[in-house]
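Everything below concerns the one structure shown next.
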Amino acid sequence: MMISKNNNVVAFQVLLFLILCLGVVNSAKLRYPSVFNFGDSNSDTGGQATLMGMQFPPAPKGNFKVSGRWSNGGLILDFLMKKIGLPTLNPYLYSLGLPNFSKGCNFAAAGSTILKPTDINVTPLNLETQVSQFLLFKARALQLVSKDKKLKKYLPNEDAFKKGLYMIDIGQNDLFLAFKSNKTLDQVLASIPNIIGLFEAAITKLYENGARNFWIYNTGPLGCLAVNVAKFESDPSKLDKHGCVISYNEAATTFNLQLRNLCDKFQLQYPNATVTHVDIFAIKLNLITNYSKLGFREPIKSCCGSGGKLNVEVSCGLAKMLNNGSIMMGLPCSNMDDYVSWDGIHYTDAANNYVASQILSGKYFNCAPF
């Protein structure tokens, strides 16, 4: 009888896992009242630009008159919001134009890390700070709504916080800055457990404050970014058959493995939460390795920028004085949709749209086993 009972329990757990995971990956069933996003420039809809007083020109593609986005159009987040039927997320720091936060809020900021900021960071808004901003936002929003019911039109209610989707896409800059500070691969790999520990602390705090639905993105193929590939062009032995930096992608793969293990652990520890691990690395690597089949012509080379084989000697939107006195400008290409990379770090509107479609296909969702 004990064996039969245990088998029934296991069978029920497997069935429950399939129901929950398949339910998550079916885009038709993605019915969240709100989204709260945390991350870096890959999902920053204007937070860092607002913080620093940066004025971005209107995006060449899409309906982003005041962009603040690190792309020529929409981000992955923008396309996801549209496809699940929710409006574009306003940054937490927006103060003008009567921003509407009733369907969620974006705390992501370009340059953000999981680790605490140091002198080489471009923003103080690391993941811990973004979570602190969220807690203040939640407390203040609920306080204001309780005093004036008319504000429900602009602010999330208790139900939005309880049933909302919490997206977290961060970690790329932790690895990028580690290599930038001349750490060896072994040193970078040794630092990852501490990074994952801080990530766990952040999502635990979100859970303790009511978050239950999580989409946790792993990091993309860092070694395939043009700014990184350009450093090793003179030494092909450092690159793989696709032209990506082997050591950088090894670091990303190690980070992703430990992040996946954390997601599984977190799901087991908090069974009333729904933790979905999104394999961005696999989606982006497939895009880079099969770019021509997917309608692209340039998998790594930057669209916006100038100089060198990959257009990254002069960054997008900047200028450089050459020895002969002439000025080299970092200008955008004319055929933007042919490129995967917008500026050597971030993706184009076309590439982001593709990545979003693959996320919602469900093929790259991993749900934790029970």
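Heads up: numbering here begins at 1 and tracks the sequence.
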Check: Just how far is it from atom CZ of Arg31 to atom CG of Leu86, taken to the nearest 0.5 Å?
Finding: 9.5 Å
Next item on the list: Drop me the distance from Thr113's OG1 to Gln172's CD, to the nearest 0.5 angstrom.
Entry: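 Nearest 0.5 Å value for the OG1-CD distance: 12.0 Å.
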Next item on the list: Keeping to residues at least two apart or across chains, list the salt bridge (Lys or Arg N to Asp or Glu O under 4.0 Å) pairs with something in residues 158-181.
Entry: Asp159-Lys163
Next item on the list: Any salt bridge (Lys or Arg N to Asp or Glu O under 4.0 Å) involving residues 100-116? Give me the pairs, sequence neighbours left out, ordered by first then second residue.
Entry: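 Of all non-adjacent pairs touching residues 100-116, those that pass salt bridge (Lys or Arg N to Asp or Glu O under 4.0 Å) are Lys116-Glu128.
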Set of side chain to side chain donor-acceptor pair (under 3.5 Å) partners for [X], sequence neighbours left out:
X	answer
Gln143	Arg140
Asn352	none
Thr118	Asn121

Within the 4.5 Å heavy-atom criterion, are [X] and [Y] side-chain neighbours or not?
X	Y	value
Phe101	Ser34	no
Glu250	Val188	no
Asp349	Trp342	no
Arg212	Tyr270	no

Qualifying residues under ring-ring contact (aromatic ring centres under 6.0 Å, His included), relative to [X], sequence neighbours excluded:
X	value
Tyr166	Phe36, Phe134
Phe179	Tyr248
His346	Trp70

Item checked: Distance SG-SG for Cys304, Cys333 less than 2.5 Å ->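 Answer is no, sulfur atoms not closer than 2.5 Å.
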Item checked: Leu75, Asn90, Leu77 screened by side chain to side chain contact (heavy atoms under 4.5 Å, CB included) with Asn106, the one that passes -> Leu77
Notebook entry, point to check: Applying side-chain hydrogen bond (donor to acceptor under 3.5 Å, both in side chains), which residue pairs with at least one partner in residues 217-240 are found, sequence neighbours left out?
Noted result: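 Listed once each, the pairs are Asn218-Asp279, Asp235-Ser237.
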Next item on the list: Provide the full list of side-chain hydrogen bond (donor to acceptor under 3.5 Å, both in side chains) pairs with a residue in residues 288-307, sequence neighbours left out, each pair given once.
Entry: Asn286-Asn290
Next item on the list: Would you please name every residue forming a side chain to side chain contact (heavy atoms under 4.5 Å, CB included) with Lys284, sequence neighbours left out?
Entry: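 Scan of Lys284 (side chain to side chain contact (heavy atoms under 4.5 Å, CB included), adjacent residues dropped) gives Asn42, Ile76, Pro221, Ile280, Tyr347, Val355.
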Item checked: Non-hydrogen atoms of Ala226 and Val312 that approach each other most closely ->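 Heavy atoms only, the tightest pair is CB-CG1, 3.8 Å.
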Notebook entry, point to check: What pair of heavy atoms forms the shortest contact from Gly171 to Phe255, and how long is it?
Noted result: CA-CZ, 4.0 Å
Checklist line | Sequence neighbours excluded - disulfide bond (SG atoms under 2.5 Å apart) pairs with any residue from residues 156-229 | finding: Cys224-Cys244
Notebook entry, point to check: Does a salt bridge link Arg260 with Asp264, judged by any charged N lying under 4.0 Å from a carboxylate O?
Noted result: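 Yes, Arg260 and Asp264 are salt-bridged.
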Check: Under 3.5 Å, side chain of Asn100 to main-chain N/O of Lys153, donor-acceptor pair present?
Finding: yes
